[in-house]
Enquirer: 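Here it is, the structure, as C-alpha cells.
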Amino acid sequence: QVHVVESGGGLVQSGGSLRLSCTASGESFDHFVMGWFRQAPGKEREFVSHISWNGITTYYSDSTKGRFTISRDNAKNTGYLQMNSLKPEDTAVYYCAAGRTWNRAPSAYDYWGQGTQVTVSS
C-alpha cells in the first residue's frame, strides 16, 4: 500500500508555469506506475500523464503534450508534473495516483492523493 500527497498547486496567469509534486510513503514507490489526472467542475476526471516505474516511459494526453513534463525521483519517493504554457482550460483539481498497470483509466489506479487546485487566469 502507498500513500500519496500532492503539492504545488496555485493561481497562475495564462502562459505561466507551475510544478506539482507527488510525495509517496509506505510501499516502495518504484513498484508503481505514477499518473496525474485532473478534474474540472462539472466534468469527469481525466487522464493527464503517466510514467513507468523506472521513469523511462511516459505518455501524455493530447491536450498536455508538449506543454507538460512528467518525471520521478524514486530515491526521493517523489514524482513531478512540470506544467508550462498554462491555459485557462487547464484549471482543475490535479490528482496524483499510483497503480500497478500501464493504463490511462482512473479505475486502474489503486492509490490517490487528495488533490491540489490549479487555477489559470486569463
Enquirer: Rounded to the nearest 0.5 Å, what separation is found between the OG1 atom of Thr58 and the CZ atom of Arg72?
Expert: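 One finds 12.0 Å between OG1 of Thr58 and CZ of Arg72.
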Enquirer: Which heavy atom in Ile70 sits nearest to a heavy atom in Tyr60, and how many Å separate them?
Expert: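 Answer, listing the atom of Ile70 first, then Tyr60: N-OH, 2.8 Å.
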Enquirer: Is atom CD of Gln1 surrounded by more than 12 heavy atoms (other residues, nucleotides or ligands) closer than 6.0 Å?
Expert: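 No, not enclosed.
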Enquirer: Please name the pair of heavy atoms, one in Thr101 and one in Ala108, separated by the smallest distance, quoted to 0.1 Å.
Expert: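 Heavy atoms of Thr101 and Ala108 come nearest at OG1-CB, 3.8 Å.
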Enquirer: Measure from the side-chain N and O atoms of Asn74 to the backbone N and O of Trp53, and report whether any donor-acceptor pair falls under 3.5 Å.
Expert: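 Answer holds: yes.
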Enquirer: Answer with yes or no whether the hydrophobic clustering places Val4 together with Met83; edges join I, L, V, M, F, W, Y residues whose side-chain heavy atoms lie under 4.5 Å apart.
Expert: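 No; Met83 is not reachable from Val4 via cluster members.
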Enquirer: Please answer: with hydrophobic residues joined when any side-chain heavy atoms are less than 4.5 Å apart, are Leu20 and Val93 in the same cluster?
Expert: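 Each belongs to a different hydrophobic cluster.
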Enquirer: To the nearest 0.5 Å, what is the distance between OG (Ser52) and CE (Met34)?
Expert: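 Those atoms lie 10.0 Å apart.
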Enquirer: Show, in sequence, the C-alpha distance, side-chain angles and deciding distance for Arg38 and Thr64, and conclude whether the side-chain contact (heavy atoms from CB on, under 4.5 Å) test is met.
Expert: CA-CA 11 Å; Arg38 66 187 182 186; Thr64 63; 4.1 Å; yes
Enquirer: Count the heavy atoms of every other residue, nucleotide or ligand shown that sit under 6.0 Å from CH2 of Trp112, and state whether that count exceeds 12.
Expert: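 For Trp112, atom CH2 is crowded (more than 12 foreign heavy atoms under 6.0 Å).
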Enquirer: What distance separates Ser14 OG from Glu89 CD, expressed to the nearest 0.5 Å?
Expert: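 Taking OG in Ser14 and CD in Glu89, the distance rounds to 7.5 Å.
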Enquirer: Hey, what do you get for OG (Ser49) to CH2 (Trp36), rounding to the nearest 0.5 Å?
Expert: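 It is 10.0 Å, given to the nearest 0.5 Å.
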Enquirer: Any donor and acceptor pair, going by atom type alone, linking the side chain of Arg45 with main-chain N or O of Tyr95 inside 3.5 Å?
Expert: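 Not confirmed, Arg45 side chain does not pair with Tyr95 backbone.
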Enquirer: With no hydrogens and no angle check, is any side-chain donor or acceptor of Thr91 less than 3.5 Å from a backbone partner on Val120?
Expert: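 A pair under 3.5 Å: yes.
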Enquirer: Decide yes or no on side-chain contact (heavy atoms from CB on, under 4.5 Å) for Leu81 and Glu6, but give the supporting numbers first.
Expert: CA-CA 10 Å; Leu81 185 68; Glu6 305 94 338; over 6 Å; no
Enquirer: Considering all heavy atoms of both residues, which atom of Ala98 and which atom of Val2 are nearest to each other, and what is their separation?
Expert: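 Heavy atoms of Ala98 and Val2 come nearest at CB-CG1, 3.8 Å.
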Enquirer: Grab the two heavy atoms, one from Val33 and one from Ile51, that are nearest each other, plus how far apart they are.
Expert: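 Smallest interatomic distance, heavy atoms only, reads CG1-O, 3.4 Å.
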Enquirer: Donor-acceptor pair, distance only, cut-off 3.5 Å: does the side chain of Gln39 make one with the backbone of Ala92?
Expert: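 Side chain of Gln39 to backbone of Ala92: no pair is present.
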Enquirer: Does anything in residues 56-122 pair up under disulfide (SG to SG under 2.5 Å), and if so which pairs, sequence neighbours excluded?
Expert: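 Residue pairs with at least one partner in residues 56-122: Cys22-Cys96.
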Enquirer: Using modelled atom types and a 3.5 Å cut-off, is there a donor and acceptor pairing between side-chain atoms of Gln82 and backbone atoms of Arg19?
Expert: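 Not at all, since once roles are kept as given, no pair shorter than 3.5 Å links the two residues.
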Enquirer: Whether the side chain of Ser21 engages the backbone of Tyr80 through a donor-acceptor N/O pair (distance < 3.5 Å, no angle test) should be reported.
Expert: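 Not confirmed, Ser21 side chain does not pair with Tyr80 backbone.
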Enquirer: Enter the distance from Ser7:OG to Tyr94:OH here, rounded to the nearest 0.5 Å.
Expert: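 Rounded to the nearest 0.5 Å, the OG-OH separation comes out at 15.0 Å.
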Enquirer: Should the pair His50 and Trp102 be assigned to parallel (<30°), tilted (30 to 60°) or perpendicular (>60°) ring geometry?
Expert: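 The rings of His50 and Trp102 lie parallel, inter-plane angle below 30°.
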Enquirer: The criterion is ring pair (Phe, Tyr, Trp, His ring centres under 6.0 Å); which residues satisfy it with Tyr109, sequence neighbours excluded?
Expert: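 Residues passing ring pair (Phe, Tyr, Trp, His ring centres under 6.0 Å) with Tyr109: Phe37.
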Enquirer: In the structure I gave you, are the side-chain heavy atoms of Asp90 and Arg67 within less than 4.5 Å of one another anywhere?
Expert: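 Asp90 reaches Arg67 side chain to side chain.
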Enquirer: Quick check for you: to the nearest 0.5 Å, what is the distance between Ser61 atom OG and Arg104 atom CZ?
Expert: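 If we round to the nearest 0.5 Å, Ser61:OG and Arg104:CZ are 9.5 Å apart.
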